[in-house]
Amino acid sequence: MDSQELLSLCRRRGFLWPAYDIYGGFAGFYDYGPLGAALKSNIEEHWRRLYVHEEGFQELVCPLIAPEPVFEASGHLDAFADMYVECEGCGETHRADHLAAGMHDNPASLSEEELGKLLGDNGVKCPSCGGALTPPRRFNLMFKTPVGAGSAKPGYLRPETAQGMFVNFSQVYRYGREKLPVGAVQIGRAFRNEISPRQGLLRLREFSLMEAEVFFHPERKTWPRYDRVKDEKLPLLPDGGSVGEMSLSDAVGKGVIANEALAYFIWLTLRFASEIGLDRRRVRFRQHARDEMAHYASDCWDFEAETGYGWVELVGVADRGCYDVQAHLRHSGADLTAFEPFDEPREATEEVVRPRFDVMGKLFKGRTKAIAEELSKLSPEEVRGTEEVGVVVGDEVFKVPSSCFEVASATRKVAGEKFVPHVIEPAYGVDRILYCLLEHAYRKDGDYVTLSLKGSVAPIKAGVFPLMARDGLDGVAMEIRETLAVAGIAAYFDDAGSIGRRYARMDEVGTPCCVTIDYQTKEDGTVTLRDRDTKEQKRVEGERVAAAVAEAVARSSPAASGGGM
RNA sequence: GCGGCUGUAGUCUAGCGGUUAGGACUGAAGCUUCCCAAGCUUUAAGCCCGGGUUCGAAUCCCGGCAGCCGCACCA
């Protein structure tokens, strides 16, 4: 299909268009119009239904701007940047770390200066023309903005919503009654200063993400509902293999997918995709190659859809290990751990420095308590065999003779252990999903275009038309539209042009059914209900119209709690 | 960021240095008992932006912006 045709429809009918058009446009930014906004919101609402309502994830709304330390910890400040050199001869730019491949174990980890020296020492020239190269220049893909006036602190627009959930692990864990696994989600905007945005909605500088972070005990990566779906089939493209259908349990059993939890969220992604209307025959899960994966991930699967642009990544489901939480724990000093009680409390015996208050009291009088406290913090190794130990309390240094303490073994009851949780992250790109949905729904018969959107996501659920805008038919139609609106069904009144033209307008924006009021309505109160995909019509009682429309919409949608594909 | 191609109403397009930029579809108003983009009347809407060449520029040249394709990039 021709993506230009689809984009033209999107603009014509009010789905979306390039932003700031009257000022010449702004690459990488798009506006959603009334239909696009409704479609986007329906997609997000369906996702929320699955993750928040069914699976019990906690939804958070975190700020779009975060202070610098967050991204120092996450690694975005260093790693979410590319180093470039430019050729002084031909002007071509090259990835500096790529040019240094083979000269260093990990060129990307070097500073600009170090990398520049490395390239210079090895006499690297422009691969295109052999010209001299500029020193490496760093281009960070995050948008930076000062926060506050004066000596403002640097802030960054978030490049993903994930960090907001990692830094809030303790709140999520506590709200979840201190049980694992526990999950948080966030739906919202993220920003990346792409060097070259392309392909419409597929590479934006400002875009929407739906991300979930599921926190696990490192050795128990499964999910309560896994057993229910373990025999379902997944279209998998394993690293180094070819596409094939495989059940979850086979994939986990054969080690194709690293664990049950990862398999479950891969399946949930397929369920979501299918329920909003992506074509099951044009999607697959592609496993990242070892060298493609972020260094901290242990397994990662991209959910891809086939489009006019080729296979496009819509969702990434990755096992990120303990990397993110660990990073914030170290960087912030906060205790971002989970606690697991042992079946039986254990007794741990360890050696400690125990102050002898009877001896100390005489020597240090009123300072005894403070000195003893400091003394207890020392390890047995530090005091063993010494005659005297220096202890600092405030500004004072006290010389404490060894008679004041002893090294004794103490028995402590340990109820359980603390650990840094592992994270599995399903991350969905809303704009890409929306675009692919439109492509997969696009049907063309001659010049006649129909968007075969699922009722669950269709921006308008029903068109309501008087056959003629006269003889009171229009009044009846307006009442019916209002009845539908009150019942929560997005309905669109149209009395302009021929009836065929009005059906065509609705077909082109993916409206699943239309209600038409004709002269028979005046006689027996029935209206016709017309189906978008079959073009079939049937008469229904006027009083039943809301229920009948709801049924028709549901027919082109999956059952609310349906687990099957 | 580099190279190639391209930019005319909401959409698709005619134009090739010289009248008032033409058409189709769409939109709006109206007529027509009108169930699948029907017909008729009326009507709105355009040369991406900025410089230059020229008596005269949608047209030629330069720059910018945007789009498409390829390269690069996509933690």
Side-chain angles (χ1 to χ4, degrees), chain A residues 2-5 7-14 17-29 33 71 74-87 90-95 97-98 108 126-129 137 139-142 159-160 162 192-200 202-205 207 292-297 302 308-309 312-313 316 318 323 429 432 445-450 463 465-471 473 495-508 514-520 522 527-532 534-537 539:
Chain A
D2 182 2
S3 59
Q4 287 307 300
E5 251 173 50
L7 288 176
S8 160
L9 183 156
C10 286
R11 177 190 272 264
R12 212 157 20 86
R13 290 303 192 193
W17 51 79
Y20 307 110
D21 205 35
I22 66 168
Y23 287 104
F26 200 33
F29 299 90
F71 299 115
S74 72
H76 283 89
L77 212 52
D78 291 328
F80 196 52
D82 296 322
M83 276 188 281
Y84 283 87
V85 289
E86 204 168 334
C87 172
C90 66
E92 188 91 12
T93 56
H94 303 277
R95 277 286 292 273
D97 54 325
H98 287 186
C126 173
S128 307
C129 74
R137 189 165 53 85
F139 181 72
N140 192 289
L141 266 32
M142 286 194 294
E160 57 178 22
R192 296 179 190 185
N193 198 2
E194 296 286 350
I195 296 168
S196 173
R198 282 285 173 80
Q199 304 173 322
L202 300 185
R203 285 275 294 285
L204 294 171
R205 289 190 166 122
F207 52 99
E292 180 184 3
M293 222 148 24
H295 60 283
Y296 47 79
D302 280 350
Y309 295 111
V312 173
E313 176 196 347
Y323 178 85
R432 290 179 166 198
D445 182 10
D447 283 337
Y448 197 95
V449 172
T450 303
F465 314 142
L467 189 61
M468 299 284 292
R470 54 189 288 175
D471 303 327
L473 297 184
D495 65 353
S498 74
I499 192 70
R501 182 184 307 239
R502 284 177 270 167
Y503 286 143
R505 266 196 289 256
M506 286 293 102
D507 288 345
E508 201 180 21
C514 292
V515 177
T516 302
I517 289 79
D518 58 13
Y519 286 95
Q520 193 183 328
K522 295 179 76 172
V527 299
T528 63
L529 204 62
R530 178 249 191 202
D531 180 85
R532 174 193 64 206
T534 64
K535 311 272 187 276
E536 278 167 16
Q537 294 189 25
R539 295 202 78 87

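So you know, we letter chains A, B, ... as the sequences are listed, proteins then strands, and number each from 1.
One P atom belongs to B:C61, the other to B:A75, and the distance between them is 40 Å to the nearest Å. Rounded to whole Å, the separation between the C1' atoms of B:U19 and B:C12 comes to 27 Å. Remark: the separation of the P atoms in B:G1 and B:G56 is 36 Å, to the nearest Å. Spacing between B:G22 and B:G64 at atom C1', rounded to whole Å, works out to 30 Å. Comparing B:A24 with B:U43, their P atoms sit 14 Å apart, to the nearest whole Å. The same atom, P, is picked in B:C5 and in B:C73; the two are 24 Å apart, to the nearest Å. Look at the P atom in both B:U13 and B:G50: the space between them is 25 Å, to the nearest Å. Comparing the P positions of B:C40 and B:A45 gives an interatomic distance of 23 Å, to the nearest angstrom.
Across all strands shown, nothing is found opposite B:U19 as a Watson-Crick or G-U wobble partner with both distances under 3.5 Å. When both distances must be under 3.5 Å, the Watson-Crick or G-U wobble mate of B:G50 is B:C62. Look at B:C25: its Watson-Crick or wobble partner, with both distances under 3.5 angstrom, is B:G10. Pairing for B:C40 goes to B:G30, judged as Watson-Crick or G-U wobble with the two contacts each under 3.5 Å. Taking a pair to require two hydrogen-bonding distances under 3.5 Å in either a Watson-Crick or a G-U wobble arrangement, B:C71 pairs with B:G1. Across all strands shown, B:G56 remains unpaired; no Watson-Crick or G-U wobble contact has both distances below 3.5 Å. Nucleotide B:A45 has no partner under the Watson-Crick or G-U criteria, as no pair reaches both atom distances under 3.5 Å.
For A:Glu194 and B:A66, the CD to P distance is 15 Å, given to the nearest whole Å. Taking atom CD of residue A:Gln4 and atom P of nucleotide B:G10, one finds them 17 Å apart after rounding to whole Å. Between the C1' atom of B:G10 and the CG atom of A:Leu7 lies a distance of 15 Å, rounded to the nearest Å. Per the geometry, CD belonging to A:Gln199 stands 16 Å off C1' belonging to B:A66, to the nearest Å. Atom CG of A:Asn193 is separated from atom C1' of B:C73 by 12 Å (rounded to the nearest Å). A:Arg198 places its CZ atom 8 Å from the C1' atom of B:C69, with the value rounded to the nearest Å. Note: CG (A:Leu9) to C1' (B:C25) measures 14 Å, nearest angstrom. In this structure, the CG atom of A:Asp21 is 12 Å from the P atom of B:C49, given to the nearest Å.
Between the OG1 atom of A:Thr528 and the CD1 atom of A:Ile499 there is a distance of 7.5 Å, given to the nearest 0.5 Å. Here A:Cys514 contributes atom SG and A:Lys535 contributes atom NZ; the two are 9.5 Å apart, rounded to the nearest 0.5 Å. Remark: A:Arg205 CZ to A:Leu141 CG distance equals 9.5 Å, nearest 0.5 Å.
With sequence neighbours left out, A:Arg12 forms a salt bridge (Lys or Arg N to Asp or Glu O under 4.0 Å) with A:Glu508. Residues forming a salt bridge (Lys or Arg N to Asp or Glu O under 4.0 Å) with A:Asp471 (at least two apart in sequence, or on another chain): none.
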Under 3.5 Å, which N/O atoms of the protein pair with N/O atoms of nucleotides 32-38 of chain B?
residue, atom, partner, partner atom, Å
B:U32, OP2, A:Arg470, NH1, 3.3
B:U33, OP2, A:Arg470, NH1, 2.8
B:C34, O2, A:Ile499, N, 3.1
B:C35, O2, A:Tyr503, OH, 2.8
B:C35, O2, A:Gln537, OE1, 3.0
B:C35, O2, A:Gln537, NE2, 2.3
B:C35, N3, A:Thr528, OG1, 3.4
B:C35, N3, A:Gln537, OE1, 3.4
B:C35, N4, A:Asp518, OD2, 2.8
B:C35, N4, A:Thr528, OG1, 3.4
B:C36, O2, A:Arg530, NH2, 3.0
B:C36, N3, A:Arg530, NE, 2.9
B:C36, N3, A:Arg530, NH2, 3.3
B:C36, N4, A:Arg530, NE, 3.4
B:C36, N4, A:Lys535, O, 2.9
B:C36, N4, A:Gln537, NE2, 3.0
B:A38, OP1, A:Arg501, NH2, 3.0
B:A38, OP2, A:Ser498, OG, 3.0
B:A38, OP2, A:Arg501, NE, 3.4
B:A38, OP2, A:Arg501, NH2, 3.1

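For the pair A:Phe29 and A:Pro197, the minimum side-chain heavy-atom distance is 4.5 Å or more. Under the 4.5 Å side-chain criterion, counting only non-hydrogen atoms from C-beta, A:Met506 is not in contact with A:Arg532. A:Met142 places none of its side-chain heavy atoms less than 4.5 Å from the side chain of A:Asn193.
Remark: A:Arg530 is positioned above the aromatic ring of A:Tyr503, its terminal NZ or CZ atom under 6.0 angstrom from the ring centre and at most 45 degrees off the axis.
Residues A:Glu313 and A:Tyr23 each lie close to RNA chain B; by heavy-atom proximity, the contact nearer the 5' end of the strand is made by A:Tyr23.
OP1 or OP2 of B:U11 sits under 4.0 Å from a side-chain N or O of A:Arg11.
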